[in-house]
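See below for the structure under consideration.
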Amino acid sequence: MDIGFIGLGNMGAHMARRLVQAGHKVFIYDTRQEAIGDIAALGAIAVRSPKEVADSAETVMVSLPTPDIVLKVATGPDGVIEGKKVKRFVDLSTTGSVMAQRIFKLLADKNIVQIDAPVSGGVRGAEKGTVAVMASGPRADVEAVEPALKVIGKFFYIGEKSGAGQTMKLCNNVLSAAATVATSESMVTGVKAGLDPRIMLDVINASSGRSTATEQKFPEVVLPRTFNQGFTAGLMKKDVDLFLSEAKALGVPVQTCEAVAALLKLTCDELGPDSDITTVIKPIEKRAGVEVRSKSEPSS
Ligand code: NAD
């Protein structure tokens, strides 16, 4: 099928590439020229604005950083809303349910159906097509895009209600953030007490404390000190903040997640929002006066 794809970053570049390689005709746009060139070289067709993407295909997918950017690309001047062909707007970004519902209503006035389909599983999951895709929206429209979403990852239909997929995604990501932050505090404590971080991870991964932080983030990018997980602290802060506002609007107490948000804010303040999510350990290390690194890694 013909698909428009806007936002060719860490996640979007892989997802658009997979769609091209699965035989779909993909019309692409990004504000960064270099991102466009890479996917165009594989056979995608580059156009000059979100409107032109939406002039070219009935289904337009986006993978964009923030809710405000999704809103602008979807409904702003020269946005998807002005396109002649578009029937469905599929948001793969983490946007939050409030913004999803706002965009749903604005697009519905132009007979465009908004579908939220946020993904989880990181850059590697996007590369391999193993991310979880959490789709919500009118069933017939979701079914129309389901084959393409199955190229991107493992498809889940969350429900008819606009924003339900976004709520699902936030409930997942806050757990991922909490595990990363809590693992950072645990590992710094162990290392300061004299434990070997490799042995700590081996034990935790054979015990009840294991998570994607201990199984993947810490052994692969924290101990070797590469900090290149591919998801920024700024984007995770956005997700946790969105979760907090949804939970509070529902009257749910969220003390633990507020503490997670505070450490993400500290990381963004001290290291910048573009620093990798795994750098949340650095403000803790700085205050504790130790670093969590493999014994084989030279200290910096
Ligand atoms: P990214 O910043 O790497 O990519 C965003 C892309 O959007 C960039 O190429 C940027 O140039 C482009 N862009 C920004 N403004 C634009 C505009 N106005 N018009 C067109 N293009 C524009 O972000 P990412 O890590 O790929 O994440 C994308 C979304 O997916 C976010 O909502 C994020 O929360 C979510 N997500 C990320 C991961 C991850 O591991 N990186 C995992 C799951 C979900």
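In each ligand, atom 1 is the first atom listed, and ligand 1 is the first ligand listed. Numbering of residues begins at 1 and proceeds along the displayed sequence.
The single protein non-hydrogen atom nearest to atom 12 (C) of ligand 1 is Asp30 OD2, 3.2 Å, given as residue, atom name and distance. Considering only non-hydrogen protein atoms, atom 5 (C) of ligand 1 sits nearest to Pro65 CD, 3.6 Å. Protein heavy atom in closest approach to atom 3 (O) of ligand 1: Asn10 N, 2.9 Å. In terms of protein heavy atoms, atom 37 (C) of ligand 1 is closest to Met11 CG, 3.4 Å. Nearest protein heavy-atom neighbour of atom 13 (N) of ligand 1: Thr31 OG1, 3.6 Å. Protein heavy atom at the shortest distance from atom 39 (C) of ligand 1 is Phe231 CD1, 3.3 Å. When hydrogens are left out, the protein atom nearest atom 41 (N) of ligand 1 is Gly230 O, 3.1 Å; that is the closest non-hydrogen contact.
Residue Arg102 places its CZ atom among 12 or fewer non-hydrogen atoms of other residues, nucleotides or ligands, all under 6.0 Å distant.
Below 4.0 Å from some heavy atom of Leu8 lie the following atoms of ligand 1, by number and element: 9 (O). Within ligand 1, counting atoms from 1 as listed, the ones closer than 4.0 Å to a heavy atom of Val119 are 43 (C), 44 (C). Shown in contact with Gly7 at under 4.0 Å from a heavy atom are these atoms of ligand 1, numbered in order with element: 7 (O). Contact atoms of ligand 1 toward Leu235: 23 (O), 25 (O), 27 (O), 33 (C) (distance under 4.0 Å to a heavy atom of the residue). Heavy-atom contacts of Tyr29 reach the following atoms of ligand 1: 19 (N), 20 (C) (cutoff under 4.0 Å). Contact atoms of ligand 1 toward Ile6: 20 (C) (distance under 4.0 Å to a heavy atom of the residue). Those atoms of ligand 1 with a heavy atom of Lys169 less than 4.0 angstrom away are 43 (C), 44 (C). Per-residue contacts place Ser93 under 4.0 angstrom from the following atoms of ligand 1 (heavy atoms of the residue considered): 32 (O).
Under 4.0 Å from ligand 1, heavy atoms of Leu64 appear from its side chain as well as its backbone. At a 4.0 Å heavy-atom cut-off, ligand 1 touches Lys238 through the side chain alone. With a heavy-atom cut-off of 4.0 Å, Ala35 does not touch ligand 1 at all. With a heavy-atom cut-off of 4.0 Å, Thr95 does not touch ligand 1 at all.
What you find for Ile39 and Ala16 is that their closest heavy atoms are CG2-CB, 4.2 Å. Taking each heavy atom of Val53 and Gly4 in turn, the nearest pair found is CG1-CA, 3.4 Å. Minimum interatomic distance between Ala117 and Val90 (heavy atoms only, all atoms of both residues): CB-CG1, 3.9 Å.
Salt bridge annotation for Lys248-Glu258: present, with a cationic side-chain nitrogen under 4.0 angstrom from a carboxylate oxygen.
Inclusion of Gly122 in the set of residues having an N or O under 3.5 Å from an N or O of ligand 1 is not warranted. For a threshold of 3.5 Å applied to N or O pairs, the pair formed by Gly9 and ligand 1 contains at least one separation below that value. The distance criterion of under 3.5 Å between nitrogen or oxygen atoms is not met by Ser120 with respect to ligand 1.
Within the 4.5 Å cutoff, side-chain heavy atoms of Leu71 are placed close to those of Leu106.
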Check the pair Thr232, Asp274 against side chain to side chain donor-acceptor pair (under 3.5 Å), reporting the backbone distance first and the verdict last. CA-CA 5 Å; Thr232 65; Asp274 289 337; 5.1 Å; no
Apply salt bridge (charged side-chain N to carboxylate O under 4.0 Å, His left out) to residues Asp241 and Lys237 and explain how you reach the verdict. CA-CA 6 Å; Asp241 288 346; Lys237 178 178 180 302; 2.8 Å; yes
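Listed for the Thr279 side chain is a donor-acceptor partner under 3.5 Å among the backbone atoms of Asp276. In this structure, the side chain of Thr183 engages the main chain of Ala179 through a donor-acceptor pair within 3.5 Å. Put simply, the side chain of Asp141 never gets that close to the backbone of Val113: no donor and acceptor are under 3.5 Å apart.
Applying the side-chain contact (heavy atoms from CB on, under 4.5 Å) rule to Pro219 yields the partners Arg198, Leu201; only residues at least two apart in sequence or on another chain are considered.
Residue pairs meeting the side chain to side chain donor-acceptor pair (under 3.5 Å) criterion with at least one member in residues 35-50, sequence neighbours excluded, are Arg48-Glu52.
For the ligand labelled ligand 1, residue Ser63 lies inside the 4.0 Å heavy-atom shell.
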